[in-house]
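Reading through the structure tokens given below for one structure.
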Number of protein chains: 2
Amino acid sequence: MQHAPSSKPRRGRPPKLRGEDADTRELLVRAGLEVLTEKGFAAAGIDEILGRVNVPKGSFYHYFTSKEAFGLELIERYARYFAHKLDSHLGNQALAPLARLESFIADAVAGMQRFAFTRGCLVGNLGQEMGALPTSFRASLVATFVDWEQRTAACLEAAQSQGQIAAHADCQALATAFWIGWEGAVLRAKLERSAQPLSAFARFFLSGLPRA
Amino acid sequence: MQHAPSSKPRRGRPPKLRGEDADTRELLVRAGLEVLTEKGFAAAGIDEILGRVNVPKGSFYHYFTSKEAFGLELIERYARYFAHKLDSHLGNQALAPLARLESFIADAVAGMQRFAFTRGCLVGNLGQEMGALPTSFRASLVATFVDWEQRTAACLEAAQSQGQIAAHADCQALATAFWIGWEGAVLRAKLERSAQPLSAFARFFLSGLPRA
């Protein structure tokens, strides 16, 4: 669940800033991603993000039109980074489909362990805080879950076509249940500073799948 | 998941304040429970809680020794209120054991609907924010989940003894999986302002139980 987003510019939108400015902007995005996976928006705020990269408060609007635009870009960057991570596991043809899901789960466990369970999921954190966030975040967060669900449903459908999941199963509904529960597991892993909740939920999910 | 805690004083600890002071203290606790189920600690802060009941900021420490003590009391009050709610459903001998769990789920859905999905679970909200909260909160939040899990496991064991769940099933592990996933469902219901995630997870959980 940790992030290490690529430093490529946004697809289709050339960076407006050049050289040092573009670097500073990228540093702000990375610091923002770090802070939001750890604490969410409310507990950290822009000040902590600026402080991590030694950017003076006054110059924030040189890089972003508003805090809301900054937040939306962070959601989009995290969503894109995470979709890529999902694809690298769920699209791994060397493994049987359900083993691909297990491979993603093992990677997510290792990722949380690497940061001593201090970092969770940016989308889950902001989802929890939605009551105190700009309303424009809602659609972006929901769309991200829908995207992850679709990638997961495709993997479950591959399992179904290979007979690992019963033919009558609704793979879309199963993928939805996975992401609902998985976000709960990430929350609990952060709370307990332990991989236990992640593996407990994964075990329940995999053993609860309707088998062929 | 909404709260309406009883106004009885804490068991075993007589209130230190009398009359109007005790009333004000209770108002602060209730406002704190409201705010923390909506937004968590970081986004709201003490100021908003005091503001809701028109208590001047300076007098907070007249009622509580510290913000941390206030937070711990809110967790304890919510945990106690919620354990009572769980018992009223899971202990309902008029229903078959799994129907008791469904009854709790229906009540939780109605509770979130009543507040237009703006209020989630105080324990889930604070769990998500743990990285920015006093470390003493962690043990209290974890203990609350353990308590809810035990009550749920007892219900699942009753289902097992009546043949609704397979004899080989580990009811403790199933109860743990329920609470991990349920908190994810509450988070998602708040994000989507919809009961859909709650019923989706409930359906997956109930159909994933190992049947006799």
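Note on naming: letters A, B, ... go to the chains in the order of the sequence lines (proteins, then strands), and numbering restarts at 1 for each one.
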* To do: Return yes if some donor-acceptor pair links the side-chain N/O of B/Arg138 with the main-chain N/O of A/Glu192 below 3.5 Å, else return no.
  =>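 Looks like no, no N/O pair under 3.5 Å.
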* Closest non-hydrogen atom pair, B/Leu187 against A/Gly124 ->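 Looking at all heavy atoms of both residues, the shortest contact is CD1-O, 3.8 Å.
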* To do: Identify the heavy atoms of B/Ile180 and A/Ala200 that sit nearest to each other, and give their distance.
  =>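 Where B/Ile180 meets A/Ala200 most closely, the heavy atoms are CD1-CB, 4.1 Å.
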I'd like to know which of [options] tops the heavy-atom pair count under 4.5 Å against chain B.
options                               : value
A/Arg193, A/Lys39, A/Lys190           : A/Arg193
A/Met130, A/Gln128, A/Glu38           : A/Gln128
A/Phe41, A/Phe145, A/Phe201, A/Phe178 : A/Phe145

* Asked: If you tally heavy-atom pairs under 4.5 Å against chain A, which of B/Asn125, B/Leu126, B/Thr118 wins?
  ->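 Option with the greatest count: B/Asn125.
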* Region of B/Ala185 in contact with chain A, defined by heavy-atom distances below 4.5 Å ->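 For B/Ala185, backbone and side chain are both near chain A.
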* B/Arg188/A/Glu149 ion pair, N-O < 4.0 Å ->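 Salt bridge between B/Arg188 and A/Glu149, a charged N being under 4.0 Å from a carboxylate O: yes.
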* Gap separating the CD atom of A/Glu129 from the CD atom of B/Glu129, nearest 0.5 angstrom ->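 That separation rounds to 7.0 Å.
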* Asked: What distance do B/Leu174 atom CG and A/Ser207 atom OG have between them, rounded to the nearest 0.5 Å?
  ->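 So the CG of B/Leu174 and the OG of A/Ser207 are separated by 8.0 Å.
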* To do: Kindly assign one of parallel, tilted or perpendicular to the pair B/Phe204 and A/Phe204, based on the angle between their ring planes and the thresholds 30° and 60°.
  =>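 Rings of B/Phe204 and A/Phe204: perpendicular, over 60°.
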* Contact origin within A/Phe205 toward chain B - heavy atom pairs under 4.5 Å ->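 Both backbone and side chain.
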